Novice: 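Below is a structure I'd like to ask you about.
If you're wondering where the values come from, they're calculated on a predicted model, not measured in any experiment.
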Amino acid sequence: MRDEDRSVLGKPPNYELHIPLHTGNPTIDAHVLVVRMSDGGVVRTDFDEYCGSGEQHGSTPEPWLRISNSGDAFRSASMDALPAVAHDVLSAMRRWESGKQVDFRDLNLVTRGSEIQRACYDYLLATEAGCFVSYCEIARAIARPKASRAVAHACAINPLPLFVPCHRVIPAQAARRIASGKSAHYGNYAYGAALKRALIEFEAGSR
């Protein structure tokens, strides 16, 4: 780590890695995945719309890193210059974008919440790309068969979307329609139903 990346006034640096997505799916690729990290691990992810320009990162859709509590505002996120936690995230995302199965549990994810929420996130982390599961199935799997609404709430407030793949969770009715070969609405998503469908279909096509 460079000297200017180290703590300021005793505070450890926090990082935001901005990753413009490159999957070949235009709905997904209209977004930047923003990954917030500290030396303790990955604490939050968000999808932002990619504007394609900006003085901090130029017009080329390459990752860029923001460092708080340091002298840097933004800088290009070349792999060899990244902190270890950010290097691991970018490497995992490049594998995911290429259609490979990625176990995001290999990253140091910081998950918080109630007992049900943490159990839900642990279950989702074990699911494979290209698969989907219903809220009711998760409730039964975590031994809370009447807690499907709590599972839905856990997905709605998931602090680590994509890494904790709540986009793979669909309503039970949709699961039944898909099982019978019919089209279905995949349900709500914090970043819009279109992105949820695109993520599911991208991962299904990569299996």
Novice: Find the distance between CD1 (Ile178) and OG (Ser134) and round it off to the nearest 0.5 Å.
Specialist: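 Here the rounded value is 10.5 Å.
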Novice: If you define the side chain from C-beta out and look only at heavy atoms, does anything of Phe47 sit under 4.5 Å from Leu33?
Specialist: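 Yes, at least one pair of side-chain atoms sits under 4.5 Å.
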Novice: Could you pull out all residues at least two apart from Gln173 that satisfy side chain to side chain donor-acceptor pair (under 3.5 Å)?
Specialist: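 Result, side chain to side chain donor-acceptor pair (under 3.5 Å) vs Gln173: none returned.
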Novice: Which pair of heavy atoms, one from Arg105 and one from Ala126, lies closest together, and at what distance?
Specialist: NH1-CB, 3.8 Å
Novice: Out of curiosity, does Leu17 fall in the hydrophobic cluster containing Ile28 (side-chain heavy atoms, cut-off under 4.5 Å, transitive links)?
Specialist: yes
Novice: Could you work out, with ring-ring contact (aromatic ring centres under 6.0 Å, His included) as the rule, every residue matching Tyr189, not counting sequence neighbours?
Specialist: Tyr191
Novice: Going by the rule side chain to side chain donor-acceptor pair (under 3.5 Å), which residues pair with Asn25 if we only count those two or more places apart in sequence or in a different chain?
Specialist: none
Novice: Mind checking the NZ-CZ spacing from Lys196 to Arg168? Nearest 0.5 Å is all I need.
Specialist: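 Result: 12.0 Å between the selected atoms.
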Novice: With rounding to the nearest 0.5 Å, note down the distance linking CD1 in Ile170 to CZ in Phe132.
Specialist: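 Ile170 atom CD1 to Phe132 atom CZ measures 4.5 Å (nearest 0.5 Å).
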Novice: Considering non-hydrogen atoms only, spot the tightest contact between Cys166 and Leu124 and give its length.
Specialist: CA-CD1, 3.9 Å
Novice: Counting only heavy atoms not in Asp48, do more than 12 fall under 6.0 Å of its CG?
Specialist: yes
Novice: Output the distance between atom OG1 (Thr27) and atom CG (Leu195), rounded to the nearest 0.5 Å.
Specialist: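 Here the interatomic distance stands at 7.5 Å.
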Novice: Looking at every heavy atom in both Ala92 and Val102, which two are closest together, and how far apart are they?
Specialist: O-CG2, 3.7 Å
Novice: Determine, stepwise, if the pair Ser38 / Asn14 fulfils side chain to side chain donor-acceptor pair (under 3.5 Å).
Specialist: CA-CA 5 Å; Ser38 68; Asn14 295 311; 4.7 Å; no
Novice: Please step through side chain to side chain contact (heavy atoms under 4.5 Å, CB included) for the pair Trp64 and Val32, ending with a clear verdict.
Specialist: CA-CA 10 Å; Trp64 66 97; Val32 174; 4.2 Å; yes
Novice: If you take all heavy atoms of Val151 and Cys120, which pair is closest and at what distance?
Specialist: CG1-SG, 3.9 Å
Novice: What pairs with Tyr135 under ring-ring contact (aromatic ring centres under 6.0 Å, His included), at least two apart in sequence or on another chain?
Specialist: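 Once residues adjacent in sequence are excluded, Tyr135 has no partner under the ring-ring contact (aromatic ring centres under 6.0 Å, His included) criterion.
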Novice: Determine whether Leu160 and Phe104 make a side-chain contact, defined as any pair of heavy atoms from C-beta on separated by less than 4.5 Å.
Specialist: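 Side-chain contact under 4.5 Å: no.
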Novice: According to side chain to side chain donor-acceptor pair (under 3.5 Å), who are the partners of Thr45, at least two apart in sequence or on a separate chain?
Specialist: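 Residues passing side chain to side chain donor-acceptor pair (under 3.5 Å) with Thr45: none at all.
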Novice: Say you draw a straight line from CG of Leu21 to CG of Leu199; how long is it, rounded to the nearest 0.5 Å?
Specialist: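 Spacing of CG (Leu21) from CG (Leu199) equals 8.5 Å.
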Novice: Taking the side chain as everything from C-beta on, heavy atoms only, tell me whether Arg94 gets closer than 4.5 Å to His22.
Specialist: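 Of all side-chain heavy-atom pairs linking His22 with Arg94, at least one is under 4.5 Å.
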Novice: For the residue pair Tyr186 and Glu201, establish whether any side-chain heavy-atom pair is separated by less than 4.5 Å.
Specialist: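 The answer is yes, as the side chains (C-beta and beyond) meet within the 4.5 Å cut-off.
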Novice: Considering non-hydrogen atoms only, spot the tightest contact between Val110 and Gly40 and give its length.
Specialist: CG2-O, 3.9 Å
Novice: When you compare the side chain of Gln117 with that of His153, does any pair of heavy atoms fall below 4.5 Å?
Specialist: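 Result yes, sub-4.5 Å side-chain heavy-atom pair found.
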Novice: Which pairs, with at least one residue in residues 137-166 and sequence neighbours excluded, count as a salt bridge (Lys or Arg N to Asp or Glu O under 4.0 Å)?
Specialist: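 Only Glu115-Arg144 qualify under salt bridge (Lys or Arg N to Asp or Glu O under 4.0 Å).
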Novice: Less than 4.5 Å apart, side chain to side chain, heavy atoms only: is that true for Phe163 and Trp96?
Specialist: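 Contact flag for Phe163/Trp96 side chains = no.
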Novice: Is Val133 reachable from Leu125 through a run of I, L, V, M, F, W or Y residues, each pair having side-chain heavy atoms under 4.5 Å apart?
Specialist: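 Result: yes, single cluster for both.
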Novice: How far does NE2 of His31 sit from CG of Asp46, to the nearest 0.5 angstrom?
Specialist: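 These two atoms lie 11.5 Å from each other.
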Novice: Should Leu162 and Met93 count as side-chain neighbours, where that means a heavy-atom distance under 4.5 Å?
Specialist: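 They are in contact (side-chain heavy atoms under 4.5 Å apart), so the answer is yes.
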Novice: Quick check: do Met37 and Asn108 have side-chain heavy atoms less than 4.5 Å from each other?
Specialist: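 In short, these two side chains do not touch, never coming nearer than 4.5 Å.
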Novice: State, to 0.1 Å, how close Ile116 and Ala147 come at their nearest heavy-atom pair, and which atoms those are.
Specialist: CD1-CB, 4.3 Å
Novice: For Arg95 and Ser91, test the side chains for any donor-to-acceptor distance below 3.5 angstrom and give the result as yes or no.
Specialist: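 Yes - a donor-acceptor pair under 3.5 Å links their side chains.
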Novice: Is there a path from Val89 to Leu109 through hydrophobic residues (I, L, V, M, F, W, Y) whose side chains come within less than 4.5 Å of each other?
Specialist: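 Yes, one cluster joins them.
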Novice: Side-chain heavy atoms under 4.5 angstrom apart, residues restricted to Ile, Leu, Val, Met, Phe, Trp, Tyr: same cluster for Tyr15 and Leu90?
Specialist: yes
Novice: Do Glu16 side-chain atoms and Arg66 backbone N/O form a donor-acceptor pair below 3.5 Å?
Specialist: no
Novice: Given 3.5 Å as the limit, does a donor-acceptor pair link the side chain of Ser180 with the main chain of Arg176, or not?
Specialist: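 Side chain of Ser180 to backbone of Arg176, a donor-acceptor pair under 3.5 Å: yes, one is there.
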